[in-house]
Amino acid sequence: MIRHLLSGADPDLATATQILDTAAEMATVAGREVKKLPALRGRTVVNLFYEDSTRTRISFEAAAKRLSADVINFSAKGSSVTKGESLKDTALTLQAMGADAVVVRHPASGAPHRLANWVDGSVVNAGDGTHEHPTQALLDAYTMRSRLGRLAGLHVAIVGDVLHSRVARSNVLLLSTLGAKVTLVGPPTLIPMDISAALAPGTAVSYDLDAVLPDVDVVMMLRVQRERMNDSYFPSAREYSRRFGLDGPRMRRLPEHAIVMHPGPMNRGMEITPEVADSPRSTIVEQVANGVSVRMAVLYLLLGGNNL
Ligand code: NCD
C-alpha cells in the first residue's frame, strides 16, 4: 500500500482496485444501524483545511469517525495561521500531537507534497489549488463502477472549466490507470494546451459538446470556478451555457445507459440545469454518499488498519 495519497497517479491498478473494493465493503457499514467499525481506534486523523469546503471536510470527518479514529478539525480561520504561522510550523505542531494521518486542503498547488516531507504520518490531499483532488477521482471511479459495472473501456467526457479543475486532473490520471478513455470538452480558453501530453497520453480534447455526447458512457460536468478566474475566459454566462451547459435536450443525446456526474458545488443553470441535475441519470447525490465509503477505505488502507 502507498503511504500518502497526493495524486490521482499514486495508486497503480492493483492499489486503486483494492481501494474501490475496500470502499464497497465500507459501504455495507453505512447501511447498518450502528455505522461504526473499531478499525482505527486509538489513531488520530487531523483535518487541516486552509480553504472553504463543505462536503469534502464533512465527508473525511464522517469517514474517520466511522472507523473510530480520534478526529481533530483544524481550519485556518481562527487558528495561528491567521497570525502568519507557516505550513511547516503547523506541520511540526501536528507531528508533536502524534497525528497518524493529516488530511489537507490548501489553496497552493503542491502544499500537501511539502507537508508529506515534514510529518511522519500519512498525508491525504483533499484538494490543492488547481492541482489535484485524488479522493474525488476515487469516489467518481467508484460511482462509475457501481452504476455501469466496469471501468475499463468506458468513455468519460469531462466538461467545462478543465483549466482550474483539480477534479479533472486527478480524474484523468486515475481513469487512465483504470483503463477508461477520457475526452476533455470545453472552450479552448479553459483547456490547457499541454494537458493530454502532460497528464495521460491518449486523452482526447474536443471543443464541441454535442459531437461528443452520443459516444460517451459518462459525462462529468465541472463547476465554472469564478473565484479562480482573473480574466474573461468566455464572453458571457449565457454563451457558456448555450455551448457547454448540460440541459434536457442535450442530455437526451446521450446513450440510454449513460450517467451524468458533478462533483459539487453546482452552479445550477450555468453548467447544468435542474432538470438534468435532478434526473435519474444524475449520480450527484450518490457521489456524496460514496465519498464517505471511499475516504473510509483510503484512511483504513493508508493507516494499515486490520480487524475489519
Ligand atoms: C471540488 C473542489 O473543491 O475541488 N468540489 C469538491 O471537492 N466536492 C470542485 C469544485 O469546487 O468545483
Side-chain angles (χ1 to χ4, degrees), residues 5-8 23 47-64 73 75-77 103-113 124-144 156-175 184-187 190-192 199 218-230 233-234 237 240-241 244-246 260-272 276-277 282-296 298-299:
L5 181 65
L6 303 175
S7 162
N47 286 324
L48 185 61
F49 277 67
Y50 289 84
E51 214 183 63
D52 290 341
S53 164
T54 318
R55 74 206 81 215
T56 304
R57 191 182 57 72
I58 292 173
S59 182
F60 270 108
E61 183 172 350
N73 287 314
S75 75
K77 240 183 239 149
V103 176
V104 59
R105 171 167 285 198
H106 200 284
S109 299
H113 298 71
V124 181
N125 181 0
D128 62 328
T130 57
H131 186 222
E132 287 227 41
H133 192 355
T135 59
Q136 179 72 41
L138 283 162
L139 79 87
D140 290 337
Y142 181 90
T143 304
M144 290 175 212
V156 181
I158 301 181
V159 184
D161 187 358
V162 175
L163 182 66
H164 300 104
S165 179
R166 52 198 179 199
V167 174
R169 228 166 283 277
S170 289
N171 260 292
V172 168
L173 293 167
L174 181 68
L175 286 169
L184 300 169
V185 186
L190 289 177
I191 300 197
L199 285 176
V218 178
V219 54
M220 183 184 295
M221 303 307 295
L222 300 173
R223 183 173 66 87
V224 176
Q225 303 203 16
R226 301 201 152 182
E227 77 279 19
R228 300 194 200 275
M229 294 188 185
N230 43 20
Y233 285 91
F234 44 84
Y240 180 88
S241 303
F244 298 103
L246 194 60
V260 176
M261 308 182 75
H262 193 302
M266 288 181 268
N267 297 306
R268 281 181 183 253
M270 176 112 185
E271 70 266 358
I272 190 164
V276 178
S282 156
T283 62
I284 297 168
V285 178
E286 271 160 72
Q287 285 170 264
V288 177
N290 292 339
V292 178
S293 309
V294 164
R295 290 173 177 127
M296 285 172 78
V298 166
L299 290 172

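Bear in mind the structure is a predicted one, so any value in this text is a computation, not a measurement. Atoms within a ligand are numbered from 1 in the order they appear, just like the ligands themselves.
- Nearest protein heavy-atom neighbour of atom 5 (N) of ligand 1: Gly264 O, 2.9 Å.
- For the residue pair Asp140 / Gln287, a side-chain donor-acceptor distance below 3.5 Å is found, with atom types taken as modelled.
- Ring pair His131/His113: centre-to-centre distance below 6.0 Å.
- Counting atoms of ligand 1 from 1 in the listed order, those under 4.0 Å from a heavy atom of Thr56 are 6 (C), 7 (O), 8 (N).
- Residue contact check: Val167 has heavy atoms under 4.0 Å from atoms 1 (C), 4 (O), 9 (C) of ligand 1.
- Below 4.0 Å from some heavy atom of His133 lie the following atoms of ligand 1, by number and element: 2 (C), 4 (O), 6 (C), 7 (O).
- Under the 4.0 Å criterion applied to side-chain N and carboxylate O atoms, Arg166 and Glu51 are assigned as salt-bridge partners.
- Each of the atoms 2 (C), 3 (O), 7 (O) of ligand 1 lies under 4.0 Å from some heavy atom of Arg105.
- Where the criterion is an N or O separation shorter than 3.5 Å, residue side chain and backbone included, Pro263 meets it with respect to ligand 1.
- Just one of Glu132, Arg169, His133 meets the side chain to side chain donor-acceptor pair (under 3.5 Å) condition when paired with Ser7; it is Glu132.
- When the heavy-atom distances from atom 3 (O) of ligand 1 to His131, Arg166, Met221 are ranked, the shortest goes to Arg166.
- Put simply, the side chain of Ser53 gets close to the backbone of Arg57: a donor and an acceptor are under 3.5 Å apart.
- Proximity annotation for atom 10 (C) of ligand 1: of Arg223, Glu51, Arg55, Arg223 comes nearest, heavy atoms only.
- The aromatic ring centroids of His106 and Phe49 lie 6.0 Å or more from each other.
- Interface atoms of ligand 1 facing Gln136, defined by a heavy-atom separation under 4.0 Å, are 6 (C), 7 (O), 8 (N).
- Counting only distance, with no hydrogens or angles, the side chain of Asp128 and the backbone of Gly110 share a donor-acceptor pair below 3.5 Å.
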